[in-house]
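Numbering of ligands and ligand atoms starts at 1, following listing order.
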Amino acid sequence: MSNLSFHWRALLNMATWVTLFYYGAVVIVFLTLYQEHEHYHFVYVAFPVLLIYAKLSKSYLHTCISALLSLLIVVVGGIFDPLPIDMVEETFLLLPLIYVILFPHTLWPIASSVILMLVFFLHVPETELDEFIEDAIELLTITTFASVMAFFQQKLKQQMLTYRQESMTDYLTQLPNRKGFYYNLAKFKLHGHDASQHAALLQIDLDGFKRINDNMGHNIGDLVLQEFAKRLRQLESHWVSCHRIGGDEFAVLIKQRADLTLEAEQLANRIISFSELPYTFLNREYHLTASIGIALYQDSSGLNDIWCRNADIAMYRSKENGKNTFHWFDHQLIQETIRRYQLEKELLLALEQEQFHLVYQPKVNIKTEQVIGVESLIRWRHPQLGLIPPVDFIPIAEDSQQIIILGRWVMEESCRQAKRWLDADIEVVVSVNVSAVQLAHDDVYQMIEQALGLTNLPARLLQIEITETAIMENPESIIVTLASLRALGVKVAIDDFGVAYSSLNYLRKLPVDVLKIDKSFIDDCVTNHKDKMIVRTVVQLGHNLDVLVTAEGVEEQSQLDLLAEEGCDMYQGYLFSAPVSAEQIAQYMQPMKQ
Ligand code: C2E
Ligand code: CA
Ligand code: CA
């Protein structure tokens, strides 16, 4: 059906009519020349051959030469073997029109009609001069009119093209915009590329652009985008095209490369490295990174929408993996995305249905070897999916801000448990992880005060753990919150210490009680000299700031020995115990009570 309508549309197309007219006119002129000339009329077979070639040839020079030769045949024939005047009329009228079609915006058709007139004029008998002049005027008028029309039509076409080009170009960066991007995708498909074709799509999202735009204003934001587009442009080639498809989103299309995977990864790495270079305006430097998702055309079942969606999913994975990186789309990723979507949808319902519970990992005083606290860690027992670890659902809860409700439950449940232990004469400080999203979007002070009030837990038995990166997102306001929590008696620990480049400047001002050295430094601290030095430095730094230091993820006795040597205060890890139930914690604490 669509094929049929396509043909009809083609038939009604102006260009098709013009082409038909062209060939029709060539045939009529040819028949006249062939039939009416008495001598050497077989020579005129060259006439249509030349004009058909002129129309079909891709080379403008060839078209010019063939057209000139065809005119020459008529002129020379007209000189040596003149046509009767009533036959001249046909050649007269149609030939210049043929040239209008071939050379629409030149003076060639008018020139050819003047030449024709002069040639025939030589042979016009005096009696037919009047008729000839009439024909000549008619001819000149029609040719001029057709030439002018063709000229304006050409101009109009050009203007339409410019307009279309502009509507597909992004004003700010001069890259093709979203419309241009979809046009390029469609063009790629029209060229007969099937699903086995080689092409890759890189979807780029700038990390940290929103921050610059919000804090520094749109002018600086625009300059940053322009500079990034300029850097991106350097990648453009016959195979690579770049587009700006939205605010800070860009797309790069790589076509038909034999080593496509390698090429795509090399391009992604180049984009990552040039996006990191500082953006300097008015003597100020701004910094950005890029998260990239790459998807192959062959994984999209030939559907552009799916291709874009795949690249998008992969790009989001890069964001989750800590940004400033690239990620390939694969089918496992789509399974994960479905699972992710399911978890996001079911999270709050699961809370209602009591599918969450807490486990507690002991924190041990290295000198006395006594359990002095626990870290509460959340677990989700899903009826179909089984036990889901927090790394799988905490980031989802953070993205959807459901962590606020979940975090409130964890806080209350942890305080309630600590109070139960206290009631059983077990004094243990419970540490609760508080996410950056909670600090940014919830009233954490009010939430904690309420949990303490509700459970009657003395504030000294509660500690919160927040990561360094969470603090750095908005240090001033978080310092105020932390200070008021400490005034209440709640302790504050900095989690995963050392992972993000810590700002020593803020550390000095931070109201904290504990630094938790990240597991990644503990892992190799016995064998790797640098890690050992980091452990030593953090312990000294903590003690100089009057802060206790905890090591997390301690799995080996040798690690514990080293920590003891370095003067670390506490440790936590599988060496002593994995996270366990509240009952088991009570058992650990029994010997202490006796
Ligand atoms: P985290 O706060 O750094 O917690 C420590 C993680 O290390 C826990 O993983 C713990 O089980 C694990 N761990 C402890 N000792 C060892 C060891 O010796 N070896 C190894 N390999 N791992 C050890 P878990 O429970 O899977 O939690 C992962 C992360 O999820 C936590 O990292 C924390 O960031 C987050 N999380 C867990 N529960 C909560 C919660 O209630 N609220 C929030 N906001 N985040 C939570
Ligand atoms: Ca923690
Ligand atoms: Ca940690």
Side-chain angles (χ1 to χ4, degrees), residues 320 322 343 347 350-351 355-364 371 373-381 387-418 429-442 444 447-448 451 462-471 491-500 502 512-526 538 549-560 563 570-581 584-585:
E320 284 161 28
L343 295 188
L347 210 120
L351 189 60
Q355 292 172 15
F356 291 102
H357 69 277
L358 295 179
V359 288
Y360 305 88
Q361 186 175 39
K363 296 186 180 193
V364 186
V371 175
V374 294
E375 176 176 6
S376 75
L377 295 156
I378 193 167
R379 298 289 179 266
W380 183 353
R381 198 175 286 122
L387 200 65
I388 309 171
V391 284
D392 282 10
F393 66 86
I394 293 287
I396 300 174
E398 287 180 329
D399 282 353
S400 57
Q401 296 199 6
Q402 299 182 97
I403 190 72
I404 292 175
I405 297 174
L406 202 62
R408 282 177 173 245
W409 177 83
V410 174
M411 183 59 72
E412 212 181 291
E413 192 56 30
S414 303
C415 291
R416 190 167 291 125
Q417 185 52 54
V429 177
V430 68
S431 287
V432 178
N433 291 289
V434 174
S435 137
V437 177
Q438 286 172 278
L439 285 163
H441 300 284
D442 195 12
V444 169
M447 184 261 294
I448 290 174
L462 177 66
Q463 182 172 95
I464 59 166
E465 294 190 5
I466 51 180
T467 62
E468 223 177 335
T469 27
I471 298 167
K491 294 182 182 60
V492 176
I494 301 190
D495 209 351
D496 305 342
F497 189 77
V499 173
S502 176
V512 296
D513 305 274
V514 177
L515 295 183
K516 290 186 78 176
I517 312 176
D518 190 66
K519 179 175 182 303
S520 58
F521 301 114
I522 306 299
D523 284 342
D524 298 325
C525 69
V526 176
V538 175
V549 181
T550 300
E552 59 178 359
V554 178
E555 295 176 347
E556 315 273 342
Q557 184 60 43
S558 54
Q559 293 168 337
L560 181 58
L563 289 165
M570 292 158 295
Y571 81 101
Q572 196 182 334
Y574 293 171
L575 176 67
F576 185 85
S577 167
V580 292
S581 68
Q584 279 167 293
I585 292 291

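- With a 4.0 Å heavy-atom cut-off, ligand 1 is reached by the side chain of Asp495 but not by its N, CA, C or O.
- The closest approach of Asp496 to the Ca ion (ligand 3), by N/O/S atoms, is made by OD1.
- Residue Glu465: no N/O/S atom is found under 3.0 Å from the Ca ion (ligand 3).
- Nearest protein heavy-atom neighbour of atom 15 (N) of ligand 1: Gln361 NE2, 2.9 Å.
- Applying the 4.0 Å criterion to heavy atoms of Val554 picks out, from ligand 1, the atoms 18 (O).
- Ranking protein heavy atoms by distance to atom 11 (O) of ligand 1, first place goes to Pro579 CG, 3.4 Å.
- For atom 32 (O) of ligand 1, the nearest protein heavy atom lies 4.0 Å or farther away.
- Scanning all heavy atoms of the two residues, the minimum distance from Glu413 to Tyr360 falls at O-OH, 4.4 Å.
- Listed by number with element, the atoms of ligand 1 under 4.0 Å from a non-hydrogen atom of Glu552 are 3 (O).
- There is no protein heavy atom less than 4.0 angstrom from atom 6 (C) of ligand 1.
- A donor and an acceptor atom, one from each side chain of Lys363 and Ser431, are located under 3.5 Å apart.
- A side-chain donor from one of Ser400 and Gln402 sits under 3.5 Å from a side-chain acceptor of the other.
- Taking 3.0 Å as the threshold, Asn433 counts as a candidate ligand of the Ca ion (ligand 2), since one of its N, O or S atoms lies below it.
- Between Glu412 and Arg408 there is no salt bridge, since no side-chain nitrogen of the basic residue lies less than 4.0 Å from a carboxylate oxygen of the acidic one.
- Nearest heavy-atom pair across Gln463 and Ala493 is OE1-CB, 3.7 Å.
- Below 4.0 Å from some heavy atom of Ser435 lie the following atoms of ligand 1, by number and element: 44 (N).
- Checking only distances, Gly573 never comes within under 3.5 Å of ligand 1, N or O to N or O.
- With Pro579 as reference, Arg379 is the one residue of Arg379, Gln584, Gln572, Glu375 to meet the side-chain contact (heavy atoms from CB on, under 4.5 Å) rule.
- Using a 4.0 Å cutoff on heavy atoms, Pro389 does not count as a contact of ligand 1.
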Legend entry - Criterion side-chain contact (heavy atoms from CB on, under 4.5 Å) on Trp380 and Leu347, from CA distance to verdict: CA-CA 9 Å; Trp380 183 353; Leu347 210 120; 3.8 Å; yes

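- Counting protein heavy atoms only, atom 8 (C) of ligand 1 is closest to Leu377 CD1, 3.9 Å.
- With Glu552 as reference, Asp518 is the one residue of Ile517, Ile522, Asp518 to meet the side-chain contact (heavy atoms from CB on, under 4.5 Å) rule.
- The protein heavy atom nearest to atom 40 (C) of ligand 1 is Ile378 CG2, 3.9 Å.
- Under a 4.0 Å heavy-atom criterion, Glu375 is in contact with ligand 1.
- A distance-only check finds a donor-acceptor pair linking the side chain of Gln559 to the backbone of Asp523 [under 3.5 Å].
- A distance of 6.0 Å separates CG in Leu377 from CG in Asn433, rounded to the nearest 0.5 Å.
- The minimum distance between the Ca ion (ligand 3) and any N, O or S atom of Asp495 involves atom OD1.
- The single protein non-hydrogen atom nearest to atom 18 (O) of ligand 1 is Tyr574 N, 2.8 Å, given as residue, atom name and distance.
- Using a 4.5 Å heavy-atom cutoff, the side chains of Phe393 and Ile378 are in contact.
- For the pair Ser376 and ligand 1, the shortest N or O to N or O distance does not fall below 3.5 Å.
- The shortest N/O to N/O separation between Asn433 and ligand 1 falls below 3.5 Å.
- The single protein non-hydrogen atom nearest to atom 26 (O) of ligand 1 is Pro390 CG, 3.4 Å, given as residue, atom name and distance.
- In terms of protein heavy atoms, atom 20 (C) of ligand 1 is closest to Lys519 CE, 3.1 Å.
- Of the protein's non-hydrogen atoms, the one nearest atom 3 (O) of ligand 1 is Asp496 OD1, 3.5 Å.
- Looking only at N/O/S atoms, Glu375 comes nearest to the Ca ion (ligand 2) through OE2.
- Taking each heavy atom of Val374 and Pro362 in turn, the nearest pair found is CG1-CA, 4.1 Å.
- Using 4.0 Å as the threshold, Arg379 has a heavy atom nearer than that to some atom of ligand 1.
- When side chains are defined from C-beta on, Val580 does not count as touching Val359, because their heavy atoms never get closer than 4.5 Å.
- If you number the atoms of ligand 1 from 1 as listed, the ones under 4.0 Å from a heavy atom of Glu555 come out as 17 (C), 18 (O), 19 (N), 20 (C), 21 (N).
- Smallest separation of non-hydrogen atoms from Glu398 and Ala436: OE2-N, 4.5 Å.
- Looking at heavy atoms from C-beta onward, Ile404 lies in side-chain contact with His441 at the 4.5 angstrom threshold.
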